[in-house]
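First comes the structure, then the notes that go with it.
Within every chain, numbering begins at 1; the chains are lettered A, B, ... in the order of the sequence lines, protein sequences first and strands thereafter.
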Amino acid sequence: MPPYAHAEPGNVVTLNVGGQLFQTTPQTLALAGPDSILSSLASSLPSSSSVPFIDRDPDLFAALLSLLRTGRIPSRATAAFDHDDLLAEARFYALHPLFLSALSSLALFDAFALRRSLLLPLPGRDACSALAPSPLDASLLVAHGGKVSSFDPSLRRRATVLTPLPAVDSLLALGPLAAAGAADFPGLHLLDLGHPGGPVRHVLRWCPHPSAPAAAVQAIGSSPDLLFCSFESCRRNASAILAFDLTTFQPVTEIARREIYGAELDSAIPATKLQWVPGTNLLMAAGSHGGPSGLLGDIRLWDVRSGEAIWELKEKHNCFADVTVSDGLSAMFKVGINSGEVFMADMRKLSSEEPWICIGDGRRPSTGKEGGMWRCGRRW
Amino acid sequence: MEGRDSSHVTLASQPNARVVLDVGGKLFETTVATLQSGGPDSLLAALCLRANPDSDEEPSPVFIDRDPEIFSTLLSLLRSGRLPSSALSRFSNQDLLEEALYYGVEASLRSALSPPPLVGFDATLVATLRPASDAFPTALSAGSEDGSVWIAHGGQISAYDWSLAHTGTVRTHLDEITALQRVWPEVAAAGSLDSPGLHFYDVSGGRHVGSVHWSDPGDHRVYKARVTAIAAGWSGPDDPVYVAFECPHRENCILAVDPATLLAAAAIGRQSGSAAKAAAPGRLVHVRERGLVFAAAVSAGAFGYAGYMRLWDPRSGEAVWETNEPGAGSSSRRFGDSFADADVDREGSAIYKVCWRSGDVAVADMRRLGEDPWVYLEERSAAVGMRSAGEGANSVLRCYKNQVFVGREAGLEVWSQIMDKEGGRRRSERETEAAVCENAFRRIFVDKEEDARRGLIKAMEGGGDRLFLSREGVEGVEVWESSDLSGAISLL
């Protein structure tokens, strides 16, 4: 955007918003995008004497105009208005994608300078059991008990729906819908968050045999066009990962189907974590269970098209407490459950004998604390 | 643009015409359509009715000598239909209301300030109404649909309007009002267990309007009868108000009182009061959809609770259905597990009860009441722990907006119906045998642990999109409502 413009009549646009005059350039207004009434004003102006009038609040418009000019929200606007009001006004001008990207800009995320900023109270007594931030905007889904609350990108508004699940264990945001599952209730439930009374739109089920009851959900993941769900049968002797089409919710393929035969209990560990790795187009599936010889786990990378595991790792000695794949760093990370240390495996050298490299702090003696949940930050 | 063509037509016919207002020295420019959106009778809409003499030139601003800050908030409301959330922190509801009254746009403000539909599992405590003196509430009436509430505290009745603003307090001659019902927009019917008669008070004017006593010319023992309950669900001037009276010698009946003449029209259900199953009802509900009066009485004794529920047909004066508890129920597991409180939903489709020993909630379909119509609702939430004996004692149960609110000791829970797609199909198949399915409801706590520490829930009423409740020995009435605001607390 040009910082100054020649004073030719066609290069300066004057707008009257709620009685206040604003002057800017057509280029600035065109940044608002084709859906916005501002860019249509910029293109259709005959540079005549009439000043276009918009019947909206001038102070909120001033904040959004400086967002267009500078790409960031002026701090005096955040002091004077709630994010909620700015977001609603940005929606009127169809500026909300720009506003949300300015609000949740990656440049603002600094892993070494994180502070607590907001506390979101939940209604009722149920503690939060699953969190699902939306990848598109900064909105957030929170499962507490059998309820799912959705917070809007400004985190100032909340809507709560009641699911048929006794307690939601896994949750994923899918644009307007949310996918919720429970480890003790059959079926993956797709919820429409706009209907508090009856939110269930679809129930996706998997039965290991036609006569068997539907299986419970252990983990949910998604790629740009597929929804993955790890099911475990209610008798806990069969498990599979199903891929569903994200638009029609029809099952596309079934991978990683495992059943327990005989005494080989470890053969059907269900995946409790699913993560799509976009750089390699693979699905990371990890699961663990406690057996007589301690915690056992396996991590697999699946090629969804062929339905085959590209790489498989049995975790016997220092099983993971949690595992994640970072696309940007092209590496897999885990927290060992015995050592509590963080390990890293290079995705390009996964075929080696012992892929894990301990990246823990060498100065600190191992505490032996059990590792907890963790997740890769978005900058990785 | 369109406002330029004719000079003799008023602005009101041109919705896109622009209007400049000078409010307290600040200029605002808006359109006729925005100003008219507050309603045709508003001051702002009336401004548009002025003829626009020189529309070719820049319109001269109309000066209004009011505060520009609040006006800009109200103008935002008219423009976008939503109240800026920063306005709620900058101005009190009272400021906004007075200003909206001046401009005549209180209807828009009212819809913006009113809570969203009450959803029990998403309700939070928003306010505590505390009358100025003697603030221990003894009775509540929240019958009207706008979310207003009348509170009886001691011998006084305090009225709070839809915005929960205090509109007036009237001192009655009663010492302690134990039954209260709003029968006209300004008239309350009040009764006390200490002194006889049903008394009507004009709350805005603060005066006594009339009294109704139960008298029987043929029976001189009927004398000094006190009011034990006034029926909830009174909805119009055509309906009588049903009031339960009890004499000092425990004889009791239900009087139908005509609210227009303030006279007793008919007496139904006269009982001797000599046993628990003939005691005066402590809860009356007028089930208008079915033309029935629901009466329930509970008494707590050394061996637990006992009581009855009865459905009276006011035209014939006969009881069409009754159940006595503890009775010889078919299920031995439920024997001795009498109800602690019962209520009928407004649609008249079901009776709900909470049992005193097990604390279970049961429902009976009004269409197929019989010997043992109860379907006990199954607990399916994962997070709620085990319950012990006697947990249902002191429970309060109210049906409101298709939800069942249960005040169990100090905790507030809601049983919400689950609209499961698959479950719905299963329910409709089962509808031939039972209309209500025991797992169609889910029990969810409405309150938090620290809310429950405030004390025993004594009374509960739903009105508008709010739930009002009072606690034993605690001053004030709690207001619970759903909100779409997240209530985020900044920690920076």
- request: Report the residues that fulfil side-chain hydrogen bond (donor to acceptor under 3.5 Å, both in side chains) with A:Thr160, sequence neighbours left out, ordered by chain and then residue number.
  value: A:Ser149, B:Asp122
Sort [X] into side chain, backbone, both or neither according to what part of it lies under 4.5 angstrom from a heavy atom of chain B.
X        : value
A:Ala80  : backbone
A:Ser154 : neither
A:Leu118 : both

- prompt: Between A:Arg158 and A:Asp152, does a salt bridge (Lys or Arg N to Asp or Glu O under 4.0 Å) hold up when you go through it step by step?
  reply: CA-CA 7 Å; A:Arg158 180 191 65 208; A:Asp152 82 331; over 6 Å; no
- request: Select, from A:Arg156, A:Arg115, A:Gln20, the one with the greatest count of heavy-atom pairs under 4.5 Å involving chain B.
  value: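 The answer is A:Arg156.
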Identify which part of [X] has an atom lying under 4.5 Å from any heavy atom of chain A, answering side chain, backbone, both or neither.
X        : value
B:Thr124 : side chain
B:Leu75  : neither
B:Ser483 : backbone
B:Ser76  : side chain
B:Ala33  : neither

message: Restricting to side-chain contact (heavy atoms from CB on, under 4.5 Å), what partner residues turn up for A:Ala62, sequence neighbours left out?
response: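 By the side-chain contact (heavy atoms from CB on, under 4.5 Å) rule, A:Ala62 matches A:Phe22.
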- request: Name the member of B:Leu21, B:Thr31, B:Leu27 that forms the most heavy-atom pairs with chain A at distances under 4.5 Å.
  value: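 Among the listed options, the one with the most contacts to chain A is B:Thr31.
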query: Most heavy-atom pairs under 4.5 angstrom with chain A, which of B:Arg82, B:Glu449, B:Arg90?
result: B:Arg82
- prompt: Quick one: does B:Ser482's side chain have a donor or acceptor within less than 3.5 Å of a partner on B:Val119's backbone?
  reply: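 Looks like yes, one N/O pair under 3.5 Å.
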field: Side-chain donor or acceptor of B:Lys448 paired with backbone N/O of A:Leu122 under 3.5 Å
entry: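 At least one qualifying donor-acceptor pair exists.
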query: Are A:Arg91 and A:Tyr93 in a cation-pi setup, meaning NZ or CZ lies under 6.0 angstrom from the ring centre and within 45 degrees of the ring axis?
result: no
query: Is the distance between the ring centroids of B:Phe405 and B:Tyr400 under 6.0 Å?
result: no
statement: Closest non-hydrogen atoms of A:Leu188 and A:Ala179, given as atom of the first, atom of the second and distance, are CD1-CB, 4.2 Å
